[in-house]
Every structure is written in C-alpha cells, then in structure tokens.
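Here is the structure we will look at.
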Amino acid sequence: MAEDFKVIDADVHNEQNDADLLPYLAEPWRSRVANTGIGYAGSGYYSPVGVMKKDAIPASGGKAGSDPDLMIKQLLEGYNVEYCVLTGVVYNISTTHDPDYAAVICSAYNDYLIGEWLGKHKAFKGAMAVATQDPYLAAKEIDRVGGHPDIVEVMISSAARAPLGQRMYHPIYEAAERNGLPIAIHPGAEGGGSSTAPTAAGYPSRYIEWHTCLSQMFMAHLVSMVCEGVFEKFPRLKVVLTEGGIAWLPHLMWRLDKNYKALRSTVPWLKKLPSQYIREHCYLTTQPIEEPDNPQHLIDLFNMIDAENMILYSSDYPHWDFDSPSMILRRLKPEAKRKIFYENAKSLYNL
C-alpha cells in the first residue's frame with residue numbers, strides 16, 4: 001500500500017504533558033494546572049493493553065506520541081504519509097464541569113499545537129480543539145485560530161451533555177462554516193464527568209464493552225444533526241466522524257429514511273432524505289475498521305454507502321489499535337483505495 005501511492009492520515013494523536021501547556025496559560029489557570037494537572041474527566045474503564053503503542057514512547061521518556069521526530073520517523077517516513085491531521089486529546093476536556101476552564105485549556109492547547117508542532121514538518125496539519133460546554137466561547141476560539149494556514153479542522157468530543165445536533169451547539173457549526181473548516185467528532189471520555197452514559201442502556205462494567213459500544217454515541221449524534229437541520233442551516237458544513245466505526249452506517253441510513261417518510265412533519269425543515277444529507281456532508285475514518293471473517297462482506301457494506309467517497313484513512317497513531325495503511329482494505333480496487341487513503345482527505349482539507 002505505502003509503496004503504491006501516498007497517504008493522508010486523518011487521525012494522529014500528538015500527546016503532551018500537562019506542564020507543556022503552562023507557557024500558554026495565564027493566571028489563575030496556570031497555577032491550577034501546575035498544581036493538579038489538567039484534570040480530564042475520563043471514562044474510568046481499565047484497559048489491560050493500555051492506550052499507547054509501547055514503541056511510540058520516546059527513548060528520552062515522556063508520553064507516546066509526544067516526540068515529533070519519532071512520529072516523523074515511524075509514521076510519516078514509515079508509511080509514505082504526505083500529510084497527517086494532528087488531533088491531540090484535549091477535546092476530552094468537554095466532560096469537565098467548568099466551561100470557562102475548559103475553554104481556556106483548549107485555547108492553550110491550540111497555541112501549543114501551533115507553536116510546538118505545526119512548524120516541525122510540512123506534513124503536520126492541525127485539528128484545533130474546542131470545548132462544547134459553552135458554544136459561544138467555542139465559536140470565539142474558532143474565529144481566533146481558524147484562519148491559521150495549517151489548521152484544517154475543528155475537533156469536538158463525542159462525550160457530551162446532549163446530542164450534538166441540538167441548537168445550543170449551532171454557534172460552533174456556524175463558526176466552523178464561516179472559517180471553512182470541517183467539524184470532527186472524536187470519542188474518548190464517554191461516561192466521564194458531565195457526559196451522558198456511554199451506552200444507550202447505561203454504564204457497562206468493562207473496557208471491552210465501553211470500547212465496542214462507542215459507535216452508539218456516533219449514531220445518536222448523527223441522527224440528531226440530521227433531524228435538527230444542521231445541514232440545512234449550515235449548507236457548506238462538513239462533519240468527520242472520527243474513530244467511531246463504519247459498519248453501523250447502512251442500517252442507520254435505511255432506518256432513518258424509512259421513518260422520515262412517515263414522520264417528516266416533525267422535521268419540516270428537511271428538504272431531502274436523511275441519507276442524502278449524510279452522503280453530502282459526512283465522512284467517516286477507517287480506524288477502528290471492522291474486519292469480518294469474510295472480507296467480501298466489508299466490500300459489500302462499502303458498496304451500500306458509496307464508501308469510496310465518504311471514508312478517510314486514519315491510523316490512530318500512537319494508540320494500541322493502530323491500523324497500518326499497508327495492512328487494511330487490501331481487497332479494495334485501486335481507485336477506491338486511492339480515494340480513501342488520499343484523495344478524499346486532500347479535497348476535504350484543501351491540501
């Protein structure tokens with residue numbers, strides 16, 4: 001794969017130590033982070049394999065994914081990656097209770113991302129982070145940072161207090177559209193802090209359950225965004241569903257279209273079938289790609305949703321379930337591969 005053509009990676013997690021943000025924080029926030037750390041409200045589920053690839057830990061110490069030079073060697077040079085979107089982890093701050101603190105942490109991270117990462121290599125492009133607790137502060141941050149030439153996306157968390165289509169979130173989408181940036185939604189802290197329960201049935205007992213059910217959050221958010229009229233109100237907005245799986249999309253589009261035919265009076269602002277909005281406005285990333293025993297089943301599923309025009313390759317480097325571009329989607333036709341691994345992202349991010 002890597003030898004055939006170039007790759008654009010839509011989800012690469014550049015990590016930082018909490019102290020790395022201190023130079024970008026004013027008081028009283030600097031002292032708070034210096035004394036107690038950022039204080040993400042995580043999901044709390046134990047993973048026996050950890051979160052990070054062990055070989056991505058720098059020889060000098062620090063977190064996996066925190067060394068730009070090692071990332072360049074392992075990912076960019078190792079897999080012929082022309083561009084990668086640095087997605088960080090700060091979006092998880094959206095599960096904390098204090099909206100002002102969450103907004104300040106995102107602003108500090110965005111300045112850190114620009115100051116410490118984006119100039120290190122021409123391949124590095126940034127997903128700026130905003131917190132969803134106060135959408136007006138988030139919109140202000142998008143206007144502050146969104147014009148930077150290496151910022152290509154706005155990242156928000158799928159761990160939220162309410163479905164993301166609801167109108168209280170619309171200032172975020174308005175600002176993203178105004179700045180010509182797609183919105184990316186990423187999981188990581190579902191069930192933590194002020195987030196809703198991580199599954200439709202409540203709180204599971206183990207990491208394997210939590211991790212498997214993350215796609216439920218994406219289904220709920222996507223239905224909400226369509227039915228609340230986000231794509232009618234913001235017709236140029238694009239949304240990237242990052243690290244939420246893919247196999248659930250066909251049945252969701254079928255079910256939503258069927259229900260719309262009988263219940264369209266409840267969403268009178270919609271002018272198209274729900275599936276049409278999804279196809280025109282949404283992308284999904286490959287990692288974690290579902291891998292059935294029969295590879296043909298995945299190809300059949302891709303054909304159901306016009307996947308070659310909706311999917312972006314992502315590795316999720318440096319996480320434990322990293323997907324090498326040379327190992328996944330081997331049976332796709334060359335043209336479909338070229339779109340998924342390169343052309344779709346190039347067009348979406350104007351690279």
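For the single chain, residues carry numbers from 1 onward in sequence order.
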Distance-only side-chain donor-acceptor flag, Glu82 / Tyr342, under 3.5 Å: yes

Distance-only polar pair, side chains of Tyr112 and Gln16, donor-acceptor under 3.5 Å: no

Polar contact flag, side-chain donor to acceptor under 3.5 angstrom, Lys339-Asn309: yes

Pair Ser347-Glu343, side-chain donor/acceptor within less than 3.5 Å: no

Polar side-chain atom of Asp134 near backbone of Pro99 as donor-acceptor pair, under 3.5 Å: no

Pairwise side-chain contact, Leu284 with Leu312, heavy-atom cut-off 4.5 Å (strictly under): no

Working for side-chain contact (heavy atoms from CB on, under 4.5 Å), residues Cys106 and Val90: CA-CA 7 Å; Cys106 285; Val90 166; 4.0 Å; yes

Rounded distance [0.5 Å steps], CG in Leu222 versus OG in Ser215: 12.0 Å

SB check Glu141 Arg144 (cutoff 4.0 Å): yes

Gap between atom OG of Ser31 and atom CD of Glu27 - 0.5 Å precision: 3.0 Å

His319 versus Lys53, side-chain donor and acceptor atoms under 3.5 Å: no

Backbone of Glu190 reached by a side-chain donor or acceptor of Ser195 within 3.5 Å: no

From Ser314 atom OG to Ile328 atom CD1, the distance as rounded to the nearest 0.5 Å: 7.0 Å

Distance (rounded to the nearest 0.5 Å) between Glu335 CD and Ile340 CD1: 10.5 Å

Nearest-0.5 Å distance, CD of residue Gln276 to CG of residue Leu270: 11.0 Å

In one Ile/Leu/Val/Met/Phe/Trp/Tyr side-chain cluster, 4.5 Å: Leu214, Ile156: no

Ring centers of Tyr45, Tyr207 separated by less than 6.0 Å: no

Any donor-acceptor N or O pair under 3.5 Å, side chains Ser315, Asp9: yes

Residue pair Gln133 / Tyr101, side-chain donor-acceptor N/O under 3.5 Å: no

Flag if over 12 foreign heavy atoms under 6.0 Å of CD1, Ile208: no

Working for side-chain contact (heavy atoms from CB on, under 4.5 Å), residues Phe231 and Glu280: CA-CA 9 Å; Phe231 302 120; Glu280 291 176 359; over 6 Å; no

Value rounded to 0.5 Å, distance of OG in Ser157 from OH in Tyr40: 11.5 Å

Step-by-step side-chain contact (heavy atoms from CB on, under 4.5 Å) determination, Glu232 to Lys271: CA-CA 8 Å; Glu232 273 295 331; Lys271 300 175 182 178; 3.6 Å; yes

Whether over 12 other heavy atoms sit under 6.0 Å from Tyr136 OH: no

hydrophobic_cluster_shared for Met219 and Met310, side chain cutoff 4.5 Å: yes

Heavy atoms of other groups near Lys272 NZ, more than 12 under 6.0 Å: yes

Under 3.5 Å side-chain donor-acceptor pair for Gln287 and Tyr313: no

Heavy-atom donor-acceptor pair, Asn344 side chain to Ile311 backbone, under 3.5 Å: yes

Lys346 NZ: over 12 foreign heavy atoms closer than 6.0 Å: no

Closest contact, heavy atoms only, Thr196 versus Ala162: CG2-N, 4.5 Å

Side chain to side chain, Ile105 and Thr96, heavy atoms closer than 4.5 Å: no

ILVMFWY cluster, Val130 and Ile93 together (side-chain gap under 4.5 Å): yes

Derivation and outcome, side chain to side chain donor-acceptor pair (under 3.5 Å), residues Tyr24 and Glu116: CA-CA 11 Å; Tyr24 302 96; Glu116 306 296 333; 2.7 Å; yes

Residue pair Thr285 / Leu241, side-chain heavy-atom distance below 4.5 Å: no

Joint cluster assignment, Trp269 & Tyr169, ILVMFWY side-chain distance < 4.5 Å: yes

Polar contact flag, side-chain donor to acceptor under 3.5 angstrom, Thr242-Asp11: no

Glu308 and Asp306: CA distance, side-chain angles, deciding distance, side-chain contact (heavy atoms from CB on, under 4.5 Å) verdict: CA-CA 6 Å; Glu308 67 181 69; Asp306 190 28; 4.2 Å; yes

Same cluster (ILVMFWY, side-chain, under 4.5 Å), Tyr283 and Val239: no

Validation row, ring centre Tyr79 to ring centre Phe322 under 6.0 Å: yes

